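In what follows, a structure is listed as structure tokens, so that the remarks can point back to it.
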Number of protein chains: 2
Amino acid sequence: MDNRSPSSTRARILEVAGPIFAEKGRRETTIRDIVQAAGVNQAAVNYHFRDKDGLYAEVLRVAVHGGLKTESEEGAPAEQRLRELVRASVQRFYDHERQGWQTRLMMRELEEPSAPFVTLMDEIVGHIMPRVSRIVAELNPALDDEQRWLCCHSLMSHCNGMPKAEFFLERSRPGWLNRPAAERAQQLTDHISRFCLAAIGGIE
Amino acid sequence: MDNRSPSSTRARILEVAGPIFAEKGRRETTIRDIVQAAGVNQAAVNYHFRDKDGLYAEVLRVAVHGGLKTESEEGAPAEQRLRELVRASVQRFYDHERQGWQTRLMMRELEEPSAPFVTLMDEIVGHIMPRVSRIVAELNPALDDEQRWLCCHSLMSHCNGMPKAEFFLERSRPGWLNRPAAERAQQLTDHISRFCLAAIGGIE
DNA sequence: AGAAATTTCAAACGCTAGTTTGAAATGCAT
DNA sequence: ATGCATTTCAAACTAGCGTTTGAAATTTCT
């Protein structure tokens, strides 16, 4: 069917499995869903990945490592770097074509972490926390360690929580979800940036 | 076994089903889990609730309506009311004995809403939003409608997001989860309150 | 080219889930 | 007490899941 790459069976499975796992969840996704989408045989998953969990662990691994590629412009002022961080985080939720499924998968893992994910978590935290921490420290040098640490998590929790709660946004302001995705992303980015800048700058 | 109430089969099922659904998820929970915990027959669920989804919808209904009972002290100043709102929201996460399972169930629904939940969502939003909106309006009368609306959702998203992301807190500060729950709840409540007060008061 | 290893495939196996069934037990009016 | 409706029960049914299997097809190596 879709033959844009002369990929092996293994590669085709890996390619289609990510979005399906993200969409339906690890448990709800069936091997039959995946092999049908990939156009390969039932047993292919078990042959190439040992079992369903093996496939899932591999999907998770490439998703995490794919998401950890960020180039940071360290020269810019903290305020601008924060805006960029927020923009990138929010954007992920609306970029369904490229990497949206990776974010969905992470959200599911946050809800109930799987064994392979816990192993990868340290990598994620170690990758993003230093950047955020530096931004917060520059925005408000008066904060002590613990306050800065909590502010970092407030910021990240915010970037993930708001886009995910769009249901609620829609409920309290019907029509929100009808706006184009780019506009929603822009508006959330602006608000979160301003909200967190005000908070970090003015806290205590 | 536990016979504190001479409840009917139907009531016993309804009583044990909530925590189990919250713990294992709607799909992963089996009817056999529930009937075993309730000490009733297999077919009882299908007889009293038509099918598994019927039971789930009923569990969700009572959980939501049980959670909507809040007495608000409208006389207090906005700052204090915000603190109380945050405290109550955070507390829910740590109160596993009484109502913890209801919160877990809501979090699962936020992740991927079920059909019956969508119906109940308007009730939830309609119940809590006016209160929050009034608090925000008093804290910063200069905000326009849209800004106030976004701040409300920032606040609520924050109250839910931070406690749920304790995994990340633990990863970036090992030992966090070893502290007693009451202390963690207190610390998060303090931080979220201060963070959001600074944000709402100082935004734009 | 021919042999060996690897990969693909259709089919079936074992298991667990939700649901159905029909009879037995219970409650409740007359 | 008797008859009828409701509720409980053990057991079986159906469907879908992950996995296994052994042979066929393909690739790789000498």
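Numbers restart at 1 for each chain; the letters A, B, ... are given by sequence-line order, proteins then strands. Every value quoted in this text rests on a predicted model; they were computed, and no experiment measured them.
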Using the ring of each side chain (for Trp, its six-membered ring), is B:F195 parallel, tilted or perpendicular to B:H158, with breaks at 30° and 60°? tilted
I'd like to know if the side chain of A:K24 and the backbone of A:T30 have a donor-acceptor N/O pair within less than 3.5 Å. no
More than 12 non-hydrogen atoms from neighbouring residues, nucleotides or ligands closer than 6.0 Å to CD on A:Q80, yes or no?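 Counting neighbours around CD of A:Q80, 12 or fewer heavy atoms of other residues, nucleotides or ligands fall under 6.0 Å, so no.
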Are there over 12 heavy-atom neighbours, none belonging to B:R179, within less than 6.0 Å of that residue's CZ? yes
side-chain N/O B:H48 vs D:dT6 OP1/OP2, d < 4.0 Å: no
OP1 or OP2 of D:dT7 less than 4.0 angstrom from a side-chain nitrogen or oxygen of B:T9, does that happen here?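 No, B:T9 has no side-chain N/O under 4.0 Å of OP1/OP2 on D:dT7.
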Under a 4.0 Å heavy-atom criterion, the protein footprint on nucleotides 12-26 of chain D, written with B, S and -, is B----BBBBB-----
Separation of atom [atom1] in [X] from atom [atom2] in [N], rounded to whole Å:
{"X": "A:R12", "N": "C:dT7", "atom1": "CZ", "atom2": "P", "value": "15 Å"}
{"X": "A:Q36", "N": "C:dA10", "atom1": "CD", "atom2": "C1'", "value": "16 Å"}
{"X": "A:Y47", "N": "D:dT27", "atom1": "OH", "atom2": "P", "value": "14 Å"}

All side-chain contact (heavy atoms from CB on, under 4.5 Å) counterparts of B:N46, not counting sequence neighbours: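 Residues passing side-chain contact (heavy atoms from CB on, under 4.5 Å) with B:N46: B:I31, B:D51.
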Scan side-chain atoms only and decide if B:S172 and A:H153 contain a donor-acceptor pair under the 3.5 Å cut-off.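 Yes - a donor-acceptor pair under 3.5 Å links their side chains.
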